[in-house]
2 protein chains.
Amino acid sequence: MNSAKRQREPASDKVGTICRALRRAIIEQALEPGTKLPEDALGERFGVSRTIARQALGQLAAEGLVELRRNRIAVVETPSWQEARNTFDVRMELERLVVRQLAGQLSKAQLAELQAHVDQEDAARNGPDAVSIRLATEFHILLAQMTNSPILIRYVSEVAYRCCLTLSTFSRPHSSDCGITEHRAIIDALAKGRTEDVMTMMHHHLDSVANRALVAPTKPRTRDLVDILAPYADDGEAAPHKPKRSAAA
Amino acid sequence: MNSAKRQREPASDKVGTICRALRRAIIEQALEPGTKLPEDALGERFGVSRTIARQALGQLAAEGLVELRRNRIAVVETPSWQEARNTFDVRMELERLVVRQLAGQLSKAQLAELQAHVDQEDAARNGPDAVSIRLATEFHILLAQMTNSPILIRYVSEVAYRCCLTLSTFSRPHSSDCGITEHRAIIDALAKGRTEDVMTMMHHHLDSVANRALVAPTKPRTRDLVDILAPYADDGEAAPHKPKRSAAA
DNA sequence: GCCTTTTAAAGTGCATACATAATAGGCCGG
DNA sequence: CCGGCCTATTATGTATGCACTTTAAAAGGC
């Protein structure tokens, strides 16, 4: 018997459960950027104490999905346009590495799994945007997982999730068609082992996704008026958000 | 009267303090891979409760520096050869991106800062290996920081630290000379804005570091007899020490 | 004497308690 | 009617306690 251990861990992995639930809720935009995540509420909802909820929030903060400020309620991260741009840049390099490692290396079964996933995407094309976006994201994560490189898997997952957040923040209506055909083209190129081609394709694919998402540095789809006011404040005055109590003077 | 000052910041970031301390101890090889890190001991050493120590360990685990198994004492991660290889692969792509973004963009002050850092490396050349390794690592992190891309900074820092871990595990005696000259060459190319050149140089630099570190997939420099026995155990028997009562041969 | 079984020590998993900082709403003066 | 201080509420930061698991050691049998 091989020394490889099975990785099952249902051993009451409460923190992991909460993280997965929140991640999914975030990428499906059930939790929009800026949504508050009080420890008590999370704990109660998942039937655990604040201790566990807090650990989950810490984890998600480390992944860049949650913003954690001292003595303040945790909120879903609201990536700035520049951060989104940076994330996409990193993502491109990482995913180029993924397909470079994968080109010509995939088994029949793996290729079939990828095809099946894109079929799912196809089926969900007329469903809600949230599901389409999630499936599209999971396609990229699935690719990463096939590299068997834990660090690549982790990083690609993280940037992919963060890009979803970006979509929540900046995107215009999602059109998934082109994305799906590009996914199919990538699978095909991977199967044929055309390394250079598939790297280029992945690059263009992510570039188009980024361009669709990051049409302009503006467009903070209003949810918090501070967001709207930020640029104006920057322009006109030195102290944008002024503290109310400067009374002592 | 309670308001008064707006304390800028470091409001008792206990977790961060412990993380930094442990990170540094790890990259200076004061804590070798496999070293146990009991929560109690950490808490006592840093004057905090287990709760805080535990959070720090969770954070470091998320960064891949610490291995956290359920109901077991946390230990400094022992990267496998394959994981180390994967880490270096990712690192190369990320750092190529760093220098691509930086080429021709650095201010005089930034270039001076880089030069100063390499001077430090030079000064430490005859000192202990641990310091040389730390400084060499911090050079790469310093570069990443100049991109102003939080995610790039975080990822480069993480992979750089993990590569240090790898050195702890696999390396032969450290020779820092070539590394330093390469660092200087990279600064020069960055200043001159030779984007392609500097990307190639960074690639070769990291490649040589990797090759020096990962000479062969074997050579677990003994620190724990379990490590020595592992390959033999795999070959001959399923369980090296204490086979529980799993009769399954 | 060596291997197995028993048992105590040590450590983690988790919840809860308490102190402190932030926030929202009420009260009062203008 | 509005704006600012004050307080009650809320939420976080941290420590501690208890139950359960693992680990190490001691005891006992072959």
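Here is how names work: the chains are called A, B, and so on, in the same order as the sequence lines, proteins then strands, and each is numbered from 1.
- The CG atom of B:Leu167 lies 7.0 Å from the CD atom of B:Gln29; values are rounded to the nearest 0.5 Å.
- Look at B:Lys36 and you'll find a side-chain N or O under 4.0 angstrom from OP1 or OP2 of D:dA24.
- Residue A:Asp13 contributes atom CG, which lies 15 Å from atom C1' of C:dT12 at whole-angstrom precision.
- We find that A:Arg23 and A:Glu63 are joined by a salt bridge, their nearest charged nitrogen and carboxylate oxygen being less than 4.0 Å apart.
- Between A:Leu42 atom CG and D:dA11 atom P there is a gap of 11 Å when expressed in whole angstrom units.
- Nearest nucleotide to the side chain of A:Ile52, out of D:dT12, C:dG13, C:dA15: C:dA15.
- Backbone-only engagement by A:Arg72 is indicated by non-hydrogen atom pairs under 4.0 Å involving sugar-phosphate atoms exclusively.
- For A:Asn71, counting side-chain heavy atoms from C-beta on, the closest listed nucleotide (C:dA24, D:dT12, C:dG11) is D:dT12.
- Ion pairing between a basic and an acidic side chain is recognised when a charged N comes within 4.0 Å of a carboxylate O; B:Glu67 and B:Lys36 show no such pairing.
- Listed candidates were D:dT16, C:dG11, D:dG13. Nearest to the side chain of B:Thr51 is D:dT16.
- For the pair A:Arg70 and D:dT14, the criterion of a side-chain N or O lying under 4.0 Å from OP1 or OP2 is met.
- The CG atom of A:Leu57 sits 13 Å away from the P atom of D:dA11 (whole-angstrom rounding).
- Note: CD1 (B:Ile18) to P (D:dG13) measures 15 Å, nearest angstrom.
- Contact annotation: B:Arg50 does not reach the phosphate of D:dA15 (side-chain N/O to OP1 or OP2, under 4.0 Å).
- Taking atom CD on B:Gln55 and atom C1' on D:dA15, their separation rounds to 12 Å, with Å as the unit.
- Computed from coordinates, the B:Arg54 CZ to D:dG13 P distance equals 17 Å when rounded to whole Å.
- In this structure, B:Gly64 and B:Leu165 approach most closely via the heavy-atom pair O-CD1, 4.2 Å.
- B:Glu39 places its CD atom 12 Å from the C1' atom of C:dA10, with the value rounded to the nearest Å.
- Between B:Phe139 and B:His117, the ring planes are tilted. Angles from 30° to 60° get that label.
- One atom, CG of A:Leu37, and another, P of D:dT10, lie 19 Å apart when rounded to the nearest Å.
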